[in-house]
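Please read these numbers as outputs of a predicted model, since none were measured by experiment. Count residues from 1 along the sequence.
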Amino acid sequence: MASIFTKIIQGELPCYKIHEDALTFSFLALDQVNLGHVLVIPKQEVNHWFDTPHDAYTQVQLNAQKIAKAIQKATNCPRVGIMVAGFEVPHYHVHLIPAWSIPDLDFKKATRRNEIEMKDIQNKIIAALKI
């Protein structure tokens with residue numbers, strides 16, 4: 001069965017897309033730890049990050065770096081935390097979370113934001129993105 005992320009990539013479920021290329025897809029996390037929280041994933045459904053083919057893994061990391069810079073510009077945060085946990089969805093994904101301190105990376109803080117907030121931060125990140 002396809003993961004929820006595969007369904008997003010295939011357009012079966014909506015998302016706030018940030019970037020897409022041949023190997024990767026990125027979008028705002030549905031539950032935002034901090035506004036601007038983005039997920040970067042390979043298009044190929046792979047459960048564990050260490051099983052990801054080299055080219056897709058490399059592209060995820062390169063795009064994560066570029067998107068993190070755009071998040072920092074869009075949110076004025078001093079840091080963008082990066083985490084690979086792998087418990088929520090069985091599809092390798094990198095969390096990019098704007099942060100002002102270590103407690104800002106606590107997943108217990110994740111909340112749903114309204115559509116206006118989500119579209120606003122989506123537009124700001126895309127505008128700051130230079131891929």
Of all heavy-atom pairs linking Val84 and Val94, the shortest is CG2-CG2, 3.8 Å
Correct closest heavy-atom pair for Leu39 and Phe5 would be CD1-CZ, 3.6 Å
Point-to-point distance, once rounded to the nearest 0.5 Å, from CZ of Phe25 to CD1 of Ile8 | 7.5 Å
Taking salt bridge (charged side-chain N to carboxylate O under 4.0 Å, His left out) as the test, write out the residues that go with Glu20, two or more places apart.
-> Lys17, Lys43
Interatomic distance, CD@Gln122 vs CD@Glu117, rounded to 0.5 Å, equals 13.5 Å
Please work out which of the three classes, parallel, tilted or perpendicular, describes the rings of Tyr57 and Tyr92, given edges at 30° and 60°.
-> parallel
Write out all pairs satisfying salt bridge (charged side-chain N to carboxylate O under 4.0 Å, His left out) with one or both partners inside residues 80-106, taking only residues at least two apart or from two chains.
-> Asp104-Lys109
Decide if atom CG of Leu62 counts as having more than 12 heavy atoms of other residues, nucleotides or ligands within a radius under 6.0 Å.
-> yes
Identify the heavy atoms of Ser3 and Val89 that sit nearest to each other, and give their distance.
-> CB-CG1, 4.0 Å
Pairwise distance CG(Asn34) to CD1(Ile71) - rounded to 0.5 angstrom = 10.5 Å
Quick one: do Tyr16 and Leu13 end up in the same hydrophobic cluster if we chain Ile, Leu, Val, Met, Phe, Trp and Tyr together by side-chain heavy atoms under 4.5 Å apart?
-> no
Heavy-atom pair with the smallest gap, counting every atom of Asn47 and Pro90 = OD1-CA, 3.4 Å
With the side chain counted from C-beta on, respond yes when Pro53 and Leu23 share a heavy-atom pair under 4.5 Å apart, and no when they do not.
-> no
Output yes when a side-chain donor or acceptor of His93 lies under 3.5 Å from a complementary backbone atom of Ser26, and no otherwise.
-> no
Can you name the residues that form a salt bridge (charged side-chain N to carboxylate O under 4.0 Å, His left out) with Glu115, not counting sequence neighbours?
-> Lys119
Co-membership, hydrophobic cluster, residues Leu129 and Leu96, 4.5 Å side-chain | yes
Report yes or no: do Met118 and Leu30 belong to one cluster of Ile/Leu/Val/Met/Phe/Trp/Tyr joined by side chain heavy-atom distances under 4.5 Å?
-> no
Between Phe50 and His48, what is the ring plane arrangement, given parallel below 30°, perpendicular above 60°, and tilted in between?
-> parallel
CD1/Ile41 to OG1/Thr24 distance, rounded to the nearest 0.5 angstrom?
-> 8.5 Å
Looking at side-chain heavy atoms only, is the closest gap between Ile125 and Val38 below 4.5 Å?
-> yes
dist Lys124:NZ -> Asn76:CG (nearest 0.5 Å) comes out at 8.5 Å
Under the 3.5 angstrom rule, does the side chain of Glu45 hit a backbone N or O of Thr6 as a donor-acceptor pair?
-> no
If every non-hydrogen atom of Lys73 is compared with every non-hydrogen atom of Ala128, which pair is closest and at what distance?
-> CB-CB, 3.9 Å
Please report the shortest heavy-atom distance between Pro98 and Thr75, naming the atom on each side.
-> CB-OG1, 3.7 Å
Gap between atom CZ of Arg113 and atom NE2 of His37 - 0.5 Å precision | 11.5 Å
Has Arg79 got more than 12 heavy atoms of other residues, nucleotides or ligands less than 6.0 Å from its CZ?
-> no
Main-chain N/O of Asp55 paired with Thr58 side-chain donor or acceptor, under 3.5 Å = no
With the 4.5 Å side-chain cut-off for hydrophobic clustering, are Ile97 and Ile82 part of the same group?
-> no
Exam field: side chain Gln32 to backbone Gly36, donor-acceptor pair closer than 3.5 Å | yes
Kindly work out whether a path of hydrophobic side-chain contacts (I/L/V/M/F/W/Y, heavy atoms less than 4.5 Å apart) joins Val40 to Ile121.
-> yes
